[in-house]
Amino acid sequence: MTQELTTAAVAQEPTGPRTGWWRDAVIYQVYVRSFADSDGDGIGDLPGITARLPHVKELGADAVWLTPFYASPQADGGYDVADYRTVDPLFGSLSDADALVREAHRLGLRVIVDIVPNHTSDQHPWFRAALAGGPERERYHFRPGKGANGQLPPNDWESVFGGPAWTRSADGDWYLHLFAPEQPDLNWDHPAVHAEFESVLRFWLDLGVDGFRIDVAHGMVKAPGLPDIGASEQAKLIGSQVLPFFDQDGVHEIHRAWRTLLDSYPGERIAVAEAWAPSSERLALYVRPGELHQAFNFQFLTCGWDAERMRATVDASLAATGAVGAPTTWVLSNHDVVRHVTRYGGGEQGLRRARAATLFTLALPGSAYLYQGEELGLPEVVELPDELRQDPAFLRAAGQDGFRDGCRVPIPWTAEGPSFGFGSAAPWLPQPDTWRGLSVASQSGDPHSTLELYRAALALRRELPGLGDGTMSWLPAPEGVLAFARPGFACTLNTLPRTVQLPLAGRPVLTSAAVEFDAENALLPAESAVWWAI
Ligand code: GLC
C-alpha cells in the first residue's frame, strides 16, 4: 500500500485567553512589500495584507509578523525608519494599520510588528538635527577620525553590508553605521533614546499589536571606547564570537526594561529577538526570565542537511533554552537568507528536503516561524536584473552576501494576471513564469502540494496534544535517520539519498513524500519525513 497523507481534520480554535500562547505559536512572517498589492503600484501594502489574512488563517498560523512599514526612505527595505509612529504612504496609513490589526484579531490571529532600535534612518529628524550640529548629536556615535587630518575612520569596524562602518559627515567627524550609511547607529547610553523607544513601543501596544520582533536586538550596546577588532571580513565573525558591537552584555538591561513594559499591558504581549549570538548558551541569555519571550534560533537555520548536525543543534538549542525555562524557536527561512528549498540544493531535491525539514521542525518542541511563500515551496529567485535589486548590501562590496532580493520576490496567488494575483500591475521584482504553477490557487486542494502539506501539518499540530510545547526524546535510528518521540507522537526523518526500511513507529498521520507501508515496516524514500500517532 502506498499512501501520501496530507489531510487532517481542522481543529477548533482555543477559546479565551491562553497562558503562554507564544510558547508553541506558529508565526507567519509577512514581508510587507511582497505579500499583496492593493493599489496597483507593484508594491505590497497593508490593505493588501488585510485582504489576504484569511490565507494565513486557513494555513493554521497563530500570528503574523509584519516587517517594517513605517515612514522610511527605503534604503534598506524599511529597516531605515524616519518616523516610528507613521505608516509609509507606500504601504498605506495608520488607519490601514489599525484595520489590519482589527481584522487579524477578528480572525483569531495575533499581530507582531518589527521595531528597529539599533539605528534610525539618516532622514530621521534626530539625525538631521545632529548633522546640523544640534544636541541630538549625542544620540548617535560621532567621533573625530584618525590620521593627521582625521581622514581615517575612528576604528576598524566594518559594516555588515560591507565597507567601513563609518561615514564622514560634512563637518569632518565620522558617524557609526553598522549597516548602510543611511542607517546611523543610535547611542543607547543616552537616556533620550531609551525614553523614545519606550514611547514608540507604547504607541503600537496602544494600537493593539501583540508584540514586537526586535531588529538587531544584539546590537544596541557597543563596548566602551569602541575598541578595534583587529580582523577584516568581520561579517563572517558575526554569530561565531562576541564582537565589540554585537552581543554585548549591556543589551540585556534594555530587554529587561522592555519586558517590564510589555508585562504592564494585558493580553500577553511578546517580544522576539533577532539576535545573532555565537552559541545556543549566549542566545538563551536573551530569553531568561524577565527578558524577552523568544529569540530566533539561527543555529538550526545554518546547520544544513546533515543528520548529525541537525540532531546536535536540536539538543544544544533545547538544552540552552530549557535551562532558562524558555521555548525554542524553529525557523528555516526569512527575508535575509536564501530560501531553504534552494539552500537544500534546489530543484526537486531541494523541495523534497524542504518538505521533510518542515515536518521535522514543526514536530519539535517550541514555536515555529514561517516565511511567506515557504508554504508554496518557493525557491530563491537567483536571476534578477541587477538594476532592479534593492538590497543595499548588493551595492556595497564584501559584506553580507548582498543577494537578499531573491527571497523577497512577490507571492503568486493565482495562475493568471500580470503578477499572479499579487496586484494589478507588474510587481517590483519579476516573478519567474514557473511560479504560475506554485500559486496558492494552483496548489489549493491538490493533496500532493506543499501548501496542503503545510495546512495538514499545522492542523495536526493543533489537534495532537503531544505537539507544540513540551518534551521530546530521541528514538533509536540508523545513521542518517533521525527519529524522536513526543507524548503520543513520533517523527522520523530520513536524510539519506536512498530509501530506508524502518519498523512502523505508530499510525502514520502525515508524510512529506509517498511512503510504502506494510503490516510491520515503512519504506521511507530518500529525504522524507513521517509523522506518527502512537
Ligand atoms: C536585520 C533585518 C535586515 C536588515 C538589518 C538592518 O538583520 O532582518 O533585513 O537589513 O537588520 O536593519
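Whatever order the structure lists ligands and atoms in, that order sets their numbers, starting from 1. Source: prediction; values computed, not measured.
In this structure, the side chains of V314 and F360 come closer than 4.5 Å at one or more pairs of heavy atoms.
In the vicinity of E274, heavy-atom distances shorter than 4.0 Å reach the ligand 1 atoms 1 (C), 7 (O), 8 (O). Atoms of ligand 1 lying under 4.0 Å from at least one heavy atom of H335, given by number and element, are 2 (C), 3 (C), 8 (O), 9 (O). The F161 neighbourhood of ligand 1 comprises atoms 10 (O), with distances under 4.0 Å to a heavy atom of that residue. Every atom of ligand 1 is numbered from 1 in the order shown, and the set under 4.0 Å from a heavy atom of R213 is 2 (C), 8 (O). For ligand 1 and H119, the ligand atoms under 4.0 Å from any heavy atom of the residue are 6 (C), 12 (O). The R404 neighbourhood of ligand 1 comprises atoms 3 (C), 4 (C), 9 (O), 10 (O), with distances under 4.0 Å to a heavy atom of that residue. Listed by number with element, the atoms of ligand 1 under 4.0 Å from a non-hydrogen atom of V216 are 11 (O). Numbered from 1 in the order shown, with element, the atoms of ligand 1 that lie under 4.0 Å from a heavy atom of D76 read 4 (C), 5 (C), 6 (C), 10 (O), 12 (O).
Residue-level proximity to ligand 1 for R408 is carried by the side chain, the only part with a heavy atom below 4.0 angstrom. Using a 4.0 Å cut-off between heavy atoms, W276 makes no contact with ligand 1 at all. No part of H218 comes within 4.0 Å of ligand 1, judged by heavy-atom distances.
Checking Y369 against Q294 by side-chain atom types alone, a donor-acceptor pair falls below 3.5 Å. No donor-acceptor contact under 3.5 angstrom links the side chains of T86 and Y70, judged on distance only. Counted by atom type alone, T328 and T321 present one or more donor-acceptor pairs between their side chains at under 3.5 Å. Counting only N and O atoms by type, the side chains of Y79 and H335 include a donor and acceptor under 3.5 Å apart.
W330 meets the ring pair (Phe, Tyr, Trp, His ring centres under 6.0 Å) test with F300; sequence neighbours excluded.
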TODO: Let me see the working for R128 and D122 under salt bridge (charged side-chain N to carboxylate O under 4.0 Å, His left out), right down to the final yes or no.
DONE: CA-CA 7 Å; R128 292 165 73 114; D122 63 346; over 6 Å; no
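Geometrically, R139 engages W126 in a cation-pi contact, judged by NZ or CZ lying under 6.0 Å from the ring centre and within 45° of the ring axis.
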